[in-house]
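The structure displayed is predicted, hence computed values, not measured ones. Here is the naming used below: chain letters follow the sequence lines, and residue numbers restart at 1 for every chain.
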2 protein chains.
Amino acid sequence: MNRKATALDVAKRAGVSRSAVSLVLNGRGDGNVAKESQERIRLAAQELNYSPNAIALSLRNQRSRVIGILSDEVVVSPFDGNIIGGADDVARSRGFVTVVMDTERDTARDAGAIETLLDRQVDGLMYVTVGLKPLEVPPGMERVPSVLANCYDAHPRPRLHHVIPDEVTGGREATEHLIQFGHRDIAFLAGSEDSPASPLRIEGYREAFASTQLPVTEARIAHAGWDIDDGYKGAMRLLDGVVPAERPTAIMCANDRLAVGVVLAAARLGLSIPGDLSVMGYDDEHRIANTMVPALTTMALPLREIGREAMTRLLDAIEDGKTTTAEPTVETMVPCRLVLRESTGPEPR
Amino acid sequence: MNRKATALDVAKRAGVSRSAVSLVLNGRGDGNVAKESQERIRLAAQELNYSPNAIALSLRNQRSRVIGILSDEVVVSPFDGNIIGGADDVARSRGFVTVVMDTERDTARDAGAIETLLDRQVDGLMYVTVGLKPLEVPPGMERVPSVLANCYDAHPRPRLHHVIPDEVTGGREATEHLIQFGHRDIAFLAGSEDSPASPLRIEGYREAFASTQLPVTEARIAHAGWDIDDGYKGAMRLLDGVVPAERPTAIMCANDRLAVGVVLAAARLGLSIPGDLSVMGYDDEHRIANTMVPALTTMALPLREIGREAMTRLLDAIEDGKTTTAEPTVETMVPCRLVLRESTGPEPR
DNA sequence: TTGAAAGCGGTACCAC
DNA sequence: GTGGTACCGCTTTCAA
């Protein structure tokens with residue numbers, strides 16, 4: 001645990017002053033420091049394995065090249081953290097590092113976490129959530145450039161830019177895919193009512209029907225929840241003991257877990273997929289959608305893209321020196337992506 | 001974006017010197033500063049909403065009360081991050097904060113991430129992995145107290161303490177549970193061969209048979225992989241077209257996803273669970289094991305506990321001022337926990 | 001009881 | 001072309 005070399009150590013070894021070391025190592029040596037000295041300095045730095053102390057730098061420069069990411073529960077929850085992955089990708093490529101803090105959905109911890117991050121001189125803040133949701137923006141976020149990923153300012157006059165998936169289009173395109181396969185009676189197992197994603201996806205579902213001049217049967221839309229057993233129960237309600245002519249020929253699910261439940265129910269009932277019934281997921285959850293039997297056709301959430309886009313926005317704001325606050329555009333929508341696999345097919349007729 | 005109040009601001013407002021402010025606010029006012037001044041200082045601090053600058057503190061004290069957590073992929077992967085959650089719990093309760101960096105399984109990034117963390121004066125380091133695995137301990141971790149969670153030093157003479165689940169006992173108790181239900185022909189769908197967890201769980205399986213004087217049929221143990229389709233295929237191999245008398249009456253799976261595949265296969269084959277077949281999972285993956293239909297009996301991985309235990313070790317070492325290196329004990333095992341749900345039952349006979 | 005001053009590790013300005 | 005020095009915000013020692 002021997003202490004790290006400091007600029008002074010390097011200076012001594014090279015027989016110059018600290019200032020010279022600083023200049024040279026920051027690329028402003030030419031025209032200020034003799035070529036000769038430059039060489040010696042670089043060598044000494046090498047030998048001592050010198051790298052500047054980030055803390056001292058932050059104190060001096062009042063900025064740290066660190067971006068704080070606050071997560072509601074993406075670290076701890078069993079959902080993938082690709083938003084964070086994408087955000088980190090672009091941060092690193094632009095010379096920033098990210099540190100994340102997870103509040104485990106305890107919003108009371110938000111302010112404290114932000115305070116901590118701010119105290120450590122983060123240059124910007126990103127709030128990221130597992131599911132699309134309105135956010136009570138915690139105090140403190142307005143003090144540095146900030147951005148919202150997968151959530152949006154619940155305030156009537158939003159102050160922070162947010163990046164979210166285009167759920168309406170996602171819902172529409174998923175439905176269109178099924179309609180193109182000839183399905184007309186398509187049930188929609190939506191998530192729970194309290195999620196803002198549900199109504200948006202339903203809206204897309206309606207749009208798809210409307211643009212094809214097809215009527216929507218309200219009874220086919222049901223709020224089911226988000227889990228496997230919810231999907232199972234929903235499917236049983238739709239299929240069990242119902243004569244084939246009155247069964248929907250396709251079931252759209254608001255996420256892949258629901259779809260797993262539907263497939264399970266179909267298996268119990270002896271229905272083949274997609275022969276007797278098409279099943280469509282949503283999210284493209286890694287290691288669920290792609291490994292199900294049959295593999296799930298699904299609407300992929302562009303998580304990685306959301307993270308990349310949000311971080312790009314944020315860094316642009318930071319490097320322009322202006323806050324994202326009061327920017328002209330407050331919302332970026334990222335399109336979802338249809339992933340064709342094996343659980344959907346032509347309607348049986 | 002008005003600048004935060006500094007100790008100097010407080011001093012001015014209270015009409016004292018910066019030193020007095022420091023003394024008082026750190027509880028060493030009595031006997032050094034007049035009661036009167038103390039009151040004024042506290043008041044001024046309050047009014048200015050003063051909190052010390054963490055960066056300056058770190059620079060001055062050479063410690064930050066920050067613990068760096070390096071994750072192979074627990075943030076980004078679709079597995080829950082309860083190890084990190086548990087670690088954070090105890091860190092916060094002891095006045096530390098954690099920041100996590102995820103390398104997305106790119107070990108080439110390990111050293112850089114640790115360097116970054118070290119540069120920011122973290123007081124300690126924790127490396128955490130999604131699955132149990134040997135670790136090439138990245139350089140730099142020996143420079144501050146460090147601990148390994150869910151992974152262990154691959155070095156012949158390990159230098160870092162690690163906290164891992166007791167997989168052998170887990171495998172044994174899972175098997176015993178099935179044996180107690182009267183099962184004798186128990187198939188084991190192990191994970192992939194390259195995971196260190198697989199052989200350990202298999203060892204437990206063998207122990208259970210041995211202690212009950214039951215013979216192990218080698219052909220009943222198969223490395224299948226870790227995903228739903230792997231479980232499906234494995235189950236089909238065991239069950240499809242096999243006369244009841246030759247079918248295993250229970251299938252133990254090395255994780256819950258495999259169990260989902262097995263349940264799916266059973267449903268397709270018209271086998272009822274647990275009536276015709278008992279299925280046992282492993283991990284207790286949240287929102288999979290507990291929401292499956294039927295809900296999965298499983299062996300829960302003590303993730304939260306591992307995190308708590310590892311962080312406790314680490315902070316103890318930090319506060320004792322000694323490195324975990326060269327501690328007497330190098331390994332802590334945390335027991336797994338049997339979770340009884342609906343997918344296992346008496347053998348059909 | 002108080003305040004002045006040094007120092008943590010850098011950067012940048014300014015004389016020389 | 002070079003080195004001295006002030007300053008970022010805080011703690012701690014020491015002299016008054």
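Following rounding to the nearest Å, A/Asn53 (CG) and D/dC10 (P) show an atom-to-atom distance of 17 Å. The separation between B/Asn61 atom CG and D/dT13 atom P is 12 Å, rounded to whole Å. As a whole-Å value, the separation of B/Arg28 CZ from C/dT1 P is 16 Å. Distance, A/Asn32 CG to C/dA12 P: 12 Å, rounded to whole Å. With rounding to whole Å, A/Arg120 atom CZ is found 13 Å from D/dC10 atom P. Separating the CG atom of A/Leu25 from the P atom of C/dG10 is a distance of 10 Å, rounded to the nearest angstrom. Distance, B/Asp119 CG to C/dG10 P: 10 Å, rounded to whole Å. At whole-Å resolution of the value, CG in A/Asn26 and P in C/dG9 are 17 Å apart.
One distance of note links CZ of A/Arg313 with OG1 of A/Thr332; it measures 3.5 Å at 0.5 Å rounding. In this structure, A/Asn82 CG and A/Arg304 CZ are separated by 5.0 Å, a value rounded to the nearest 0.5 Å.
With DNA chain C read from its 5' end, the first of the two nearest nucleotides for B/Gln121 and B/Lys35 is the one closest to B/Lys35. Between B/Leu23 and B/Ala56, it is B/Leu23 whose nearest contact on DNA chain C lies nearer the 5' terminus.
Among C/dT11, D/dC10, C/dG9, the nucleotide with an atom closest to any side-chain atom of B/Leu59 is C/dG9. When the nucleotides C/dG10, C/dT2, D/dC10 are ranked by their closest atom to the side chain of B/Tyr50, D/dC10 comes out on top. For B/Pro52, the side-chain atoms get nearest to D/dC10 when compared with the rest of D/dC10, D/dT12, C/dG9. Side chain of A/Ala34, nearest nucleotide from C/dG10, D/dT12, D/dG1: D/dG1.
With salt bridges taken as basic N to acidic carboxylate O contacts below 4.0 Å, one links A/Asp316 and A/Arg94. A salt bridge links A/Asp88 with B/Arg109: the closest approach of a Lys/Arg side-chain nitrogen to an acidic carboxylate oxygen falls below 4.0 angstrom. By the 4.0 Å N-to-carboxylate-O rule, A/Arg159 lies too far from A/Glu142 to be salt-bridged with it.
One finds a side-chain N or O of A/Gln62 lying less than 4.0 angstrom from the OP1 or OP2 phosphate oxygen of D/dG9. The phosphate of C/dG3 has OP1 or OP2 within less than 4.0 Å of a side-chain N or O from B/Ser17. Regarding contacts with the backbone of D/dT2, a side-chain N or O of A/Ser37 is found under 4.0 angstrom from either OP1 or OP2.
Using a 4.5 Å heavy-atom threshold, the side chains of B/Leu303 and B/Asp80 count as touching.
Taking 3.5 Å as the limit, the base of D/dG3 and the side chain of A/Arg18 contain no donor-acceptor pair of atoms between them. Below the 3.5 angstrom threshold, one finds a donor paired with an acceptor across the side chain of A/Ser19 and the base of D/dG4.
Within the nucleic acid shown, A/Val21 has no heavy atom closer than 4.0 Å to any nucleic acid atom. A/Ser58 comes within 4.0 angstrom of nothing in the nucleic acid, heavy atoms only.
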